Amino acid sequence: MIQKLETAAAEADKTSPRAEIRIYNTLTRQKETFEPVVPGKVGIYLCGPTVYSASHIGHMVGPVIFDTIKRFLAFNDYAVSFVVNITDIDDKIINQAAKEGCGIEELSKRVTEDYQKHLKSLQVEVDHFPFATKYIDHMLKMIGTLIEKGHAYAADGDVYFDVTSFAGYGKLSNRRIEELMAGARKEVSDIKRNAADFALWKGAKPGEPSWPSPWGNGRPGWHIECSVMSSALLGETFDIHGGGLDLVFPHHEDEIAQSECCNGKTYAKYWLHNGLMQYTNETRKIGAREGDFASQEEGKMSKSKGNIRTLTDLFSKFSPETIRYFLLSTHYRSPINFSDERIQEVAGGLTKIHTLAELVARVLGESFYTLKAPTKRAPLAWETNSPFLTDVAEYRRRYLEYMDDDFNTGGAIAVVGELVTALNRFAGDKNLDASSAKAEDKEQFRKGTVVLKELVSILGLLLDAPKNAAAGDDGLLSKVLELMIELRKEARQSKNFALSDRIRDGLAQIGVTLQDGKEGTRWKLES
RNA sequence: GGCGCCGUAGCCAAGCGGUAAGGCAGUGGAUUGCAAAUCCAUUAUUCCCCGGUUCGAAUCCGGGCGGCGCCUCCA
């Protein structure tokens, strides 16, 4: 009963600043109310890539999701610091560099640039990209502390973490040490005390890149870089640690063990894990016979399965914004089925918003893309004194409710779609596209449009006008097309539809779409 | 074998104790010379199956069946 009352109170206040945000925490396996470690500030650390080969779509899921979380928290008036690490030293990099016959710096630099370029095109705004090789000193210090405290031991040039020394080992992935011992691989060398112990430092083999250390020349083990860089940039206890579901064990489990043993403090407060990209072979799905084609393996996208899709390839077919929209169209914890058909299907919703943006430009005489909307959460600045505005307010409330509930972008996007339909309907009913439109109706439309802008900006969408949008073009192309339209108009007036259709079809073939409206014919380039 | 996740219309997908959002595709209609775009209407007595708890379950519990992830590098 009491709980019901509290819920009702929260319900009434969905639109206020710093509303209650619920987050699913992998550590506790339930949704918790978000409370930052330091009031008003939020640190987010996301596990980035090991830079040894070109990024694929799966690498973008986390960044897009966590960038959206960042935007939403910033909207809720938190000062957010978003860190994505770059692991630029690892066996895989060494092997790949050897294969390509180049230095590891050259390889990691090239791959990092590729990765960052794609994040930028997806509108992902990262505050810090720490590189593992820049934090070797910090790592050595941490390893030293762990040895001093009895949680780690040097053996044969390597240093291992003793998992039996940490009572909390296994708490994130819900594993028990005994089970890990039983299931461990036989290849385990005698130098480890326990089969589940993991390397903090690896002694270098001849010819490998290495750094000097008290235990001999070597390089860091996997995991240590995240523990070190997150605390260096966000503090020993920080708010949100994210990554793909496949990193829960052993990576995140080991990070917790190292950091909590070293600092004696809680490491990350909330652990969020995104679902993994699944590859779907549509052809197979609709029942082609086995062996009809060289089918790629279905399931998780991974290099070992050979079913990855590089971004460079993907972006030649879809805009980064479409990919972002696609990634946000479902809940972040669910796996996403990937296929071109799926993206194509989802993309329609985005196109509809862009089409509305064109209408907005015509009605308001102002670009939707540069429209100013509130960037901080606050109650609506206007009265809901009409059915239309009441609906707009309700859509906004529902959108925020979805986002407050574990960043449910899929639900939020559905509401955006409803808002778009409402705006289109209102514009149609009130004939806003005509010069006779009433100022007061335009004003209402404007209010609704600003809300749309506000909501869509949180998702990092519709931030820029599409590259090939024709709206502002006043060059030669525009003049030629105006002439074509004029000629077609004359043909239509004299009922010469064969000619008018020839003009329209001909233009369509070269990528120009004509649309007849009450106020004349518009043209736009195929996107 | 151990630890988890998931199964909602043709497809995608919200809802997670109070009587099934939304999108795509389809169908019908408005608009159009015909289109395009847009709008309207329509598509699950039912949420994999069987039990149980409850006044009430897609939602909670138990048992099946099916799919998937991790336990080894992976976002």
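FYI, side chains are in, hydrogens and waters are out, and symmetry mates aren't considered; it's all heavy atoms of this structure. Letters go in sequence order (proteins before strands), and every chain restarts at 1. Computed from a predicted model, the values in this text were never measured in an experiment.
Picking from G33(B), G69(B), A14(B) the nucleotide with the shortest atom distance to the side chain of D516(A) gives G33(B). Checked against G33(B), C11(B), G15(B), the side chain of N408(A) finds its nearest nucleotide in G15(B). Between C3(B), A35(B), C39(B), one nucleotide has an atom nearer to the side chain of R425(A) than all others, and that is C39(B). Comparing A75(B), A14(B), C34(B) against the side chain of R504(A) picks out C34(B) as the nearest. The R488(A) side chain lies nearest to G33(B) when the options are C3(B), G33(B), C70(B). Out of G33(B), A75(B), A14(B), the shortest distance to the side chain of H331(A) is found at A14(B). Minimum atom distance to the side chain of S334(A) is reached by A14(B), of the listed A14(B), A21(B), G33(B). Nearest to the side-chain atoms of R175(A) among the listed nucleotides C34(B), C39(B), G2(B) stands G2(B). Closest to the side chain of N424(A), out of G22(B), U38(B), G33(B), is U38(B). Nearest nucleotide to the F249(A) side chain, out of A75(B), A35(B), C71(B): C71(B).
Screening R522(A), R488(A), K489(A) for a side-chain hydrogen bond (donor to acceptor under 3.5 Å, both in side chains) involving D516(A) leaves a single residue, R488(A).
Judged by ring centres under 5.5 Å apart and planes tilted less than 30 degrees, F497(A) stacks against the six-membered base ring of G33(B).
In this structure, E418(A) reaches the sugar-phosphate backbone alone: every heavy-atom distance under 4.0 Å involves primed, P, OP1 or OP2 atoms, never a base. G348(A) comes within 4.0 angstrom of no nucleic acid atom, judged by non-hydrogen atoms across all strands. If you check every strand for non-hydrogen atoms under 4.0 Å, G242(A) touches nothing. Residue R492(A) is in base contact, counting any heavy-atom pair closer than 4.0 Å across all strands shown. Nucleic acid contact class of T421(A) (heavy atoms, under 4.0 Å, all strands): sugar-phosphate only. Residue H251(A) is classed as having no contact, given no heavy-atom separation below 4.0 Å to the nucleic acid.
If you measure from atom CG of N274(A) to atom C1' of A75(B), you get 6 Å, rounded to the nearest angstrom. Rounded to whole angstrom, the span from the CZ atom of R29(A) across to the P atom of C5(B) amounts to 6 Å. Taking atom CG on N174(A) and atom P on G2(B), their separation rounds to 13 Å, with Å as the unit. K495(A) has its NZ atom 12 Å from the P atom of U32(B), to the nearest Å.
Shortest non-hydrogen contact noted between I89(A) and A132(A) is CG2-CB, 4.2 Å.
Pair assignment for G1(B): C71(B), on the basis of Watson-Crick or G-U wobble contacts that are both within less than 3.5 Å. The base-pairing partner of U42(B), taking Watson-Crick or G-U wobble contacts with both distances under 3.5 Å, is G26(B).
Rounded to the nearest Å, the gap between the C1' atom of C47(B) and that of G15(B) is 11 Å. Annotation: U53(B) and A57(B) have their C1' atoms spaced 10 Å apart (nearest Å).
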